[in-house]
Enquirer: 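Below you'll find the structure I mean.
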Amino acid sequence: MNEHATKNQQAFYEWLETRNPNQPEFVQAVKELSGDVFPIVEDNKHYQDAQVLQRLSEPDRVISFRVCWQADDGTIQINRGWRVQHSGLIGPYKGGIRFHPSVNESILKFLGFEQTFKNALTGLSLGGAKGGADFNPQGHSDAEIMRFCQAFMNELYRHIGETKDVPAGDINVSSREIGYLFGQYRRLVNNFAGALTGKDIEFGGSHVRVEATGYGLMYFVKEMLEHVDEKVADKRICISGAGNVALHAALKAIDLGATVLTLSSSQGVLQHKKGFSEDDIRTLLSKKGSSSERLKSLVNSETISWHDDQKPWSVECDIALPCATQNELDGSDAKKLIENGCRWVAEGANMPCTADAIDAFEDACVPHVPGKASNAGGVALSGLEMAQNAAFVSYDFDNLDKRLQDIMANIHKRCTGDGKLSDGKIHYRRGANIAAFKRVADALVAQGIG
Ligand code: GLU
């Protein structure tokens, strides 16, 4: 970029930071994308005149609301809920709901922003949104979780709908919570519509939705390795997290012949000297309780050990898959991975690598795939759930699994299209950011000012 362009980029960052004080995650996500697309904007008069970057850095709307509910002991509890509808340019708002004490407006704005570009990469007609509350279902009774979900939906229902905004799950929101949310939505609007995805199969859910993010991640990794004439089989993989994404990525990795060496929670790492078996992972999937409790229950004296307060990133591996949460893998973790010979990194979570970590991978020429490309399988399957609901049909597992593979292969193709370097190597982050941005920015220009 020339000096003038660099100055403009700096001015844009200052504008962004001033408009979004105390929102570090949101600023981080916008910078990660704009760093790659700025040269494209500078070269395109339509994009400049339309101020695409500035407009796409402002959510369409942020809805914030009180969630009051009654605990089992009769006390009244007060939480805060949000829905960030980031962009409706290329389809109905679409994105998950997260229940976690760390949830705040910055985190949901970053997630809504990421979702817009992730959804664009799927090739489907899906806008971007994210929602949630500063509520932790862990430690609450089933009845309390139901009352919380109902109270949350008592406000959210007026903002969603099958062609308006379609929430789904995210951290701590899975089948049980979606069931309670959907039930309350249906009662309030007196209409059976696919206004949420991730539903149980019995009432409009889709096969493969539960597996889709983790399986999709491994389908993307398979494409990436095949692109350089390598195979997933026999590769050593470190995975972080113990939720839906981590465990289904582990299952698919094992199915493809890889060795999965780690899983983790916020309290430590579970390590298997020889690699977890499919049975180990299925046992974890069937267990209830906190991630740490479930992981620790697998420890044995021969092969499986637990390491308090550790992360998986000091374990030697070929592939690292951060599948837990934002900013879980920092610059020093990246250095350890690189020193230990890690050759590929693909994000299963949303923005799990810090800016420092991404720089370290780039400097060491370790391909790093951003979540907006590699974890898009979940929302893509949600798009297929919406299509099935709209047509009142239900496809079988194999059909949907095949469609998921095709979607991930197409996302890989989009990354290689816009991310090819002069030496023929692929810069995945740049490819993903540019391909996604062009689709959304073109829609913004075409739809005029508003
Ligand atoms: N929460 C998932 C994501 O981050 C899925 C969203 C959806 O299915 O709408 O992409």
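Counting starts at 1 for both ligands and their atoms, following the listed order.
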Enquirer: Run the numbers for me: atoms of ligand 1, each under 4.0 Å from some heavy atom of Gln115, listed by number.
Expert: 3 (C), 4 (O), 6 (C), 10 (O)

Enquirer: Looking at atom 7 (C) of ligand 1, what's its closest protein heavy atom, distance included?
Expert: Ala168 CB, 3.4 Å

Enquirer: Does ligand 1 have any atom sitting under 4.0 Å from a heavy atom of Lys130?
Expert: yes

Enquirer: Short question: side chain of Lys130, backbone of Val84 - any donor-acceptor pair under 3.5 Å?
Expert: no

Enquirer: Sort out for me which residue in Lys372, Glu328, Gln28 forms a side chain to side chain contact (heavy atoms under 4.5 Å, CB included) with Met351.
Expert: Gln28

Enquirer: What is the closest protein heavy atom to atom 8 (O) of ligand 1, and at what distance does it sit?
Expert: Ser382 OG, 2.6 Å

Enquirer: Quick one: do the Tyr93 and Asn119 side chains pair a donor with an acceptor below 3.5 Å?
Expert: no

Enquirer: Do Lys252's NZ or CZ and the ring of Tyr219 fall within the cation-pi criteria of under 6.0 Å and 45°?
Expert: no

Enquirer: Would you confirm whether the ring centroid of Tyr185 sits within less than 6.0 angstrom of the ring centroid of Tyr157?
Expert: no

Enquirer: Among protein heavy atoms, which sits nearest to atom 6 (C) of ligand 1, and what does the distance come to when rounded to 0.1 Å?
Expert: Gly96 N, 3.6 Å

Enquirer: Minimum distance, heavy atoms only, to atom 5 (C) of ligand 1: which one of Glu385, Lys118, Lys372, Arg209 is it?
Expert: Arg209

Enquirer: I need the contact type for Leu111 against ligand 1. Using non-hydrogen atoms and a strict under-4.0 Å cut-off, is it side chain, backbone, both or neither?
Expert: neither

Enquirer: I need the atoms of ligand 1 closer than 4.0 Å to a non-hydrogen atom of Lys94, numbered in the order shown.
Expert: 7 (C), 8 (O), 9 (O)

Enquirer: Are Arg80 and Phe65 in a cation-pi setup, meaning NZ or CZ lies under 6.0 angstrom from the ring centre and within 45 degrees of the ring axis?
Expert: no

Enquirer: Of Val37, Leu444, Asp442, Val440, which is the lone residue that meets side chain to side chain contact (heavy atoms under 4.5 Å, CB included) with Val52?
Expert: Leu444

Enquirer: Got an N/O contact under 3.5 Å between Gly169 and ligand 1?
Expert: yes

